[in-house]
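Notes to accompany the following structure.
These numbers come from a predicted model, not from an experiment.
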Amino acid sequence: MIEAGVFDACLIFMRKIRFLLQISLFPLMLCIPQSMAQAAKKAASSDLSSPVARALHLAASGKCKEPIQLLKRALPQTSDKDLKRSAGLDGVRCAMATNQFDAAEDFLRMLNREFPGDPEVLYTSVHTYSDLATRASQQLAISAPNSAQAHELNAESLEMQGKWDQAAKEYEAIARQNPRLPGLHFRVGRLLLSKPNPPADVSERAKKEFQQELEIDPNNAGAEYVLGELARQESEWSDAIKHFSRAAELDAGFGDAFLGLGSALLSAKRFAEAIPPLETAVRLEPKNPGAHYNLATALTRAGRKQDAEKEFAIHRQMTQKDGAGQEQQAAEPQNPN
């Protein structure tokens, strides 16, 4: 039976892989937030000799081509923050309505730079990038429906919907075209481990996929990491240490790889050796209570009681504040005797 930790390992590395998802969101060009409507009213009653006011007035009238150029020129010189924000949002809407996608991204970059954390700016960003992703996926489906990329996009979308068998067929179609495509065997291995109620031999089948991936792409940190998790599940500490070490070597920012390495060393009772990777894990993922707990345990076993107590204190504070006890339990290894 596959432990939750191995499935989590796949999910952890999925965050590090960039891929498009087919997302159907309400078209941004049809959504005019209340603040934009208010800005248009304000512009209508103001001096239309102002380029920004004139652009807002035109946009509110449904004339979207001219406002884009006006806003591009005028926004950098606009000192009124409220007007700048509203004009930027209107610029995004008009750019998307007229298929000027570069301009839409320019307006979004300005908005996120000038108004970081603003809910309406973030909301607009989600809709815009989702719309761009959907348009790109549609274009891919039309221009190259039988390409490996189209099958891969379909497979990833099906995986996210939990349609494992259909996703597997998409990967099989890719394998028929190019069995040595980098990333393919990693995704198949991930799929095998993600399916609910897997057969008894799923671990061995997944291992073969990840090993094949490494034959094709020896620099795939994700394959090394999941092989480390599979070895950890079997208490094969030597193999786990080898794979986690390689994953950390390949990706110096992969905090979970350092945590896995430190945890495996801790379980192998190599306490002093476990401290450096766990310190790195804490530095890379300071909000991960499991990293602090494992570091505290390694420090205790290495005789550094004072340093250990500091980490235990951080861990206690985090779990009490966030209710993260379950996360800690999933991340920490079995305590060595």
Side-chain angles (χ1 to χ4, degrees), residues 15-145 147 149-150 152-153 156-157 160 253:
R15 296 198 302 263
K16 304 176 72 60
I17 298 176
R18 297 172 57 196
F19 59 83
L20 290 173
L21 297 177
Q22 291 175 309
I23 306 170
S24 297
L25 294 178
F26 197 70
L28 176 70
M29 65 186 68
L30 300 180
C31 302
I32 307 176
Q34 184 68 23
S35 63
M36 293 168 66
Q38 291 172 348
K41 290 180 181 178
K42 179 180 177 181
S45 61
S46 63
D47 182 5
L48 293 184
S49 63
S50 163
V52 174
R54 189 162 69 254
L56 285 171
H57 178 74
L58 288 168
S61 304
K63 302 173 182 177
C64 265
K65 289 188 177 181
E66 187 179 348
I68 294 174
Q69 297 305 318
L70 285 171
L71 291 171
K72 277 185 174 182
R73 291 193 298 268
L75 276 180
Q77 285 77 45
T78 302
S79 58
D80 186 325
K81 297 289 285 185
D82 289 338
L83 192 61
K84 190 171 191 176
R85 175 179 172 278
S86 297
L89 291 166
D90 229 354
V92 175
R93 182 180 66 84
C94 277
M96 293 299 291
T98 56
N99 296 326
Q100 298 186 52
F101 305 135
D102 287 343
E105 291 189 76
D106 289 340
F107 286 124
L108 278 180
R109 278 192 288 269
M110 181 278 293
L111 287 165
N112 282 283
R113 183 179 63 252
E114 298 284 340
F115 308 97
D118 182 284
E120 195 167 341
V121 170
L122 294 173
Y123 173 85
T124 301
S125 298
V126 170
H127 274 274
T128 304
Y129 287 120
S130 296
D131 191 16
L132 290 171
T134 300
R135 292 178 190 225
S137 67
Q138 291 171 344
Q139 187 176 355
L140 176 61
I142 293 170
S143 61
S147 65
Q149 291 77 12
E152 186 175 334
L153 188 65
E156 288 164 349
S157 178
M160 296 300 291

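Atoms OH and OG1, from Y123 and T128 in turn, are 10.0 Å apart once rounded to the nearest 0.5 Å. The OG1 atom of T124 sits 12.0 Å away from atom CG of D131, with the distance rounded to the nearest 0.5 Å. Distance OG1/T78 to CG/L83: 6.0 Å, rounded to 0.5 Å. To the nearest 0.5 Å, atoms CE (M110) and CG (L75) are separated by 4.5 Å.
In this structure a side-chain-to-backbone donor-acceptor pair under 3.5 Å is missing from S157 to L153. Between the side chain of S137 and the backbone N or O of T134, at least one donor-acceptor pair lies under 3.5 Å.
With S125 as the fixed residue, the side-chain contact (heavy atoms from CB on, under 4.5 Å) test singles out one of D118, L108, V92: L108.
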With side chain to side chain contact (heavy atoms under 4.5 Å, CB included) as the criterion, how do E120 and R85 come out once you've worked through the C-alpha distance, each side chain's angles and the decisive distance to 0.1 Å? CA-CA 10 Å; E120 195 167 341; R85 175 179 172 278; 3.0 Å; yes
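Between L122 and N112, the closest heavy-atom pair is CD2-OD1, 3.8 Å. For the pair T98 and C94, the tightest heavy-atom approach, listed with the atom from each and the gap, is OG1-O, 2.9 Å. The two residues I68 and A103 make their nearest non-hydrogen contact at CG2-CB, 4.1 Å. When every heavy atom of P145 is checked against every heavy atom of A141, the shortest pair comes out as CB-O, 3.1 Å. For the pair A150 and A144, the tightest heavy-atom approach, listed with the atom from each and the gap, is CB-O, 3.3 Å.
L132 is listed as a side-chain neighbour of M96, based on a closest heavy-atom distance under 4.5 Å. Within the 4.5 Å cutoff, side-chain heavy atoms of E105 are placed close to those of R109.
Ion pairing between K84 and D80 fails under the 4.0 Å rule for side-chain N and carboxylate O.
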